[in-house]
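Computed from a predicted model, the values in this text were never measured in an experiment.
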Amino acid sequence: MAALVNLPDSVLLDMLTCGCLNAKDILQFGLTCSRFHTLTSSNIIWKKLCDQTWPGLLKKDDSFFKVLNTLTVSLCGKWKIIYQQINKVITQVWNLYENHFIDDQIDDEVFIVFECFVKNYTYSFVRELLLAICEENCQFSDLTLIYYCKEVLRHITCSHIASELKQILDHDHEGNECSEHAEDTRPLSSLMSGVLLIDKWFNFDRNISKASIANFIGTNAGKVLSHFKTVKSSTDKNELEADLLMKSLKKVFFYDLGFCGNVGDHYCLTNSFLHHVIKSRKDIPIFLSIVCREIASNIGIKLDCINYPQHFLLRWERETKLADKDFSCYRFIDVSNGFEVKTYSEITAGVRDVNILTGPGATTYEVLCCICRNIQLFANATGHSYPTWLKLHLLNLCIHLMPDEHEAAKNKLLSKNDEMKEAKEIVYSRIYLRTSEANEGMKYSIGMIMKDRFDHDTCVINGWDNFCLISEEWIPHMHVNECKEKRLFYQVLANNGIRYAPEDLLTPVRCSEKVEHKEMGRYFSKFVTDGNYSYYTPNSQLALRYPQDSDATRDFYLGNRF
């Protein structure tokens, strides 16, 4: 001790940051005397410890680093506090994994601890930390940590969005225009802000820039005005300026930007995401209309949303030189159909009920509800391609907007999940030993990458049984009845979902790209490849249930020629 006391602070700092000591060691060293206590509170030590404990987490120019820079100012530069906050969040994520591995849907009550973190550490800190952990170049994280970070991210992001949605709809109900302001950009309307929040609800693990969308709207509104000024000087003076503006809007939106209907992939979920609409320039009528309406609003043209049966239109009350206006001043725009403009008499021909065309335009709330119903329609139309988690995620959004319509549906789905959980508790309570007599002949093992002989899809084994566990209803869907050998069965994660496959339908793959499945990290910690073969390493919870499979997987690839 005496020798340490005689060392200068610079040498002690080098010793404390050499990488051999953890946070607990440093804190205990600081308890020995007042000088060491002051020394171990140094920002140099705790920032270095952050880099050593979580390599790749603190990357310059990323969003989390920017949040930390702001936080260090408010905390007077106390990196010790920042280290403790990061450690608490990551520790609780691992606890979530240990305690809820078998849960297909984790109850909201479980996330209360993370809501407390949001309250105490700020939403931006917790969200950007979780996003940083999920980055591919974050060296300390594995597939399992990333999976459960995304589960937490989904919960805190959606809670935040629900609050923002409520604020927007409350303002809309009061007749106020609630706009989202972004730095150096034009404000977004209440409708556009709500649509963006729905986008973020489903893409909770992405940073969708509000500023970039506002810039897109503002930039193209400027292009419309520029074109209008050009044609105005060379056009008959008797033509109304509003008509010229509308022609300029059509030219920029339809011809220059190339927006059009997505006829070939109408039921795709991404058709309901604002950022995708702006990127692809193809979408369903409601989203094309919303984007067009926003640009029009920026150039002074007011367009009403008309939720016409089986179609979505925009209504423009055209200026006329007549003193008394009637419905003839209305123009109805079908944005997805080549920006077709129809008069009142043209669009009402053969229509019995015209009230929807002449009454008040659809409110922000009504349009957002329409979007949610569209997503539900797409889910029903595509059948089993929408996984349970996504259906529940959609239901939660619908409950926030339309609670009376969807609470019963959510209870039904949760009840079904409870039944599945009970079945999984029975399955996962077992220890699957390959050396057991009942499992004799089990050829493949956990983590092996396979090719499905029926649909040629690549998949990964994440479970096996010596008898068929699926119900009679599902046997035809999984093609079990088409196999000769019906004793050995495997659960697999595939690019297009989760399946239950007899051994006859599976063929091992020696070297493969990663299989893209949302739940890969729930079962596996790492993707292993050395150029000759590839496989997935089960995480600790899955390995606990299949203790002999990791060795079996490695032995299979080392001992077999393909």
Side-chain angles (χ1 to χ4, degrees), residues 185-189 191-192 195 213-263 274 277-308 311-349 351 354 356-358 360-362 367:
T185 62
R186 292 174 178 265
L188 295 177
S189 67
L191 176 57
M192 199 70 163
V195 172
I213 291 175
N215 279 330
F216 175 84
I217 298 297
T219 298
N220 287 292
K223 291 179 180 178
V224 174
L225 290 174
S226 177
H227 181 267
F228 164 73
K229 290 174 183 177
T230 302
V231 298
K232 181 183 176 182
S233 60
S234 58
T235 306
D236 184 356
K237 293 183 179 180
N238 291 325
E239 189 165 6
L240 294 174
E241 286 190 359
D243 290 339
L244 289 176
L245 259 179
M246 187 58 71
K247 288 180 180 179
S248 296
L249 177 61
K250 177 178 179 178
K251 195 239 180 227
V252 172
F253 188 84
F254 183 67
Y255 292 104
D256 296 351
L257 295 176
F259 278 101
C260 62
N262 191 359
V263 180
L274 182 60
V277 182
I278 290 175
K279 181 180 179 181
S280 68
R281 312 289 167 86
K282 289 183 178 182
D283 214 88
I284 54 180
I286 186 170
F287 275 89
L288 294 178
S289 299
I290 289 168
V291 175
C292 180
R293 176 185 180 271
E294 195 73 13
I295 295 175
S297 176
N298 274 244
I299 60 174
I301 296 179
K302 182 179 181 297
L303 299 176
D304 294 322
C305 296
I306 303 297
N307 192 10
Y308 199 58
H311 210 53
F312 199 90
L313 303 171
L314 293 175
R315 184 181 66 201
W316 172 41
E317 188 174 340
R318 179 176 171 271
E319 294 181 8
T320 68
K321 296 181 179 179
L322 300 174
D324 297 325
K325 293 184 178 181
D326 57 16
F327 295 151
S328 64
C329 68
Y330 285 152
R331 294 293 182 269
F332 297 88
I333 306 166
D334 187 349
V335 180
S336 64
N337 190 26
F339 211 93
E340 182 182 22
V341 180
K342 290 186 177 182
T343 64
Y344 174 77
S345 58
E346 289 172 335
I347 201 165
T348 56
V351 177
V354 298
I356 194 171
L357 295 170
T358 58
V367 175

Thr219 (side chain) donor-acceptor with Asn215 (main chain) under 3.5 angstrom: yes
Is a donor on one side and an acceptor on the other found under 3.5 Å between the side chain of Arg331 and the backbone of Lys342? no
To the nearest 0.5 Å, what is the distance between CZ on Phe254 and CZ on Phe339? 10.0 Å
Closest non-hydrogen atom pair, Ile301 against Met246: CG2-CE, 3.9 Å
Looking only at heavy atoms, the pair that brings Trp316 and Ile333 closest together is CB-CD1, 4.4 Å
Can you check whether Ile284 reaches Leu288 side chain to side chain, under 4.5 Å on heavy atoms? no
If you take all heavy atoms of Val335 and Ser289, which pair is closest and at what distance? CG2-OG, 3.9 Å
Distance-minimising heavy-atom pair for Leu249 and Ala296: CD2-CB, 3.8 Å
Using a strict cut-off of less than 4.0 Å between a Lys/Arg side-chain nitrogen and an Asp/Glu carboxylate oxygen, indicate whether Lys223 and Asp256 qualify as a salt bridge. no
Rounded distance [0.5 Å steps], CD1 in Ile290 versus CG in Leu191: 5.0 Å
Does atom NZ of Lys250 have more than 12 heavy-atom neighbours from other groups under 6.0 Å away? yes
With a 4.5 Å limit on heavy-atom distance, are the side chains of Met192 and Ser297 in contact? no
Do the rings of Tyr330 and Phe332 sit parallel, tilted or perpendicular, given the 30° and 60° boundaries? perpendicular
Carboxylate-amine/guanidinium proximity below 4.0 Å for Lys232 and Glu241: yes
Nearest-0.5 Å distance, CD1 of residue Ile278 to CD of residue Glu294: 9.5 Å
Looking at OG of Ser280 and CZ of Phe259, how far apart are the two atoms once the value is rounded to the nearest 0.5 Å? 8.0 Å
Could you tell me whether the side chain of Arg315 and the main chain of Leu357 form a donor-acceptor pair under 3.5 Å? yes
Salt bridge check: are Asp243 and Arg318 linked by an N-O gap of less than 4.0 Å? yes
Determine yes or no for a side-chain-to-main-chain donor-acceptor pair under 3.5 angstrom, with Arg281 supplying the side chain and Leu257 the backbone. yes
Ignoring hydrogens, what is the shortest heavy-atom contact between Pro285 and Phe312? Give both atom names and the distance. CB-O, 4.1 Å
Minimum heavy-atom distance Leu274-Val291, with the two atoms named: CD1-CG2, 4.0 Å
Quick one: CG on Leu314 to CZ on Arg293, what's the gap to the nearest 0.5 Å? 8.0 Å
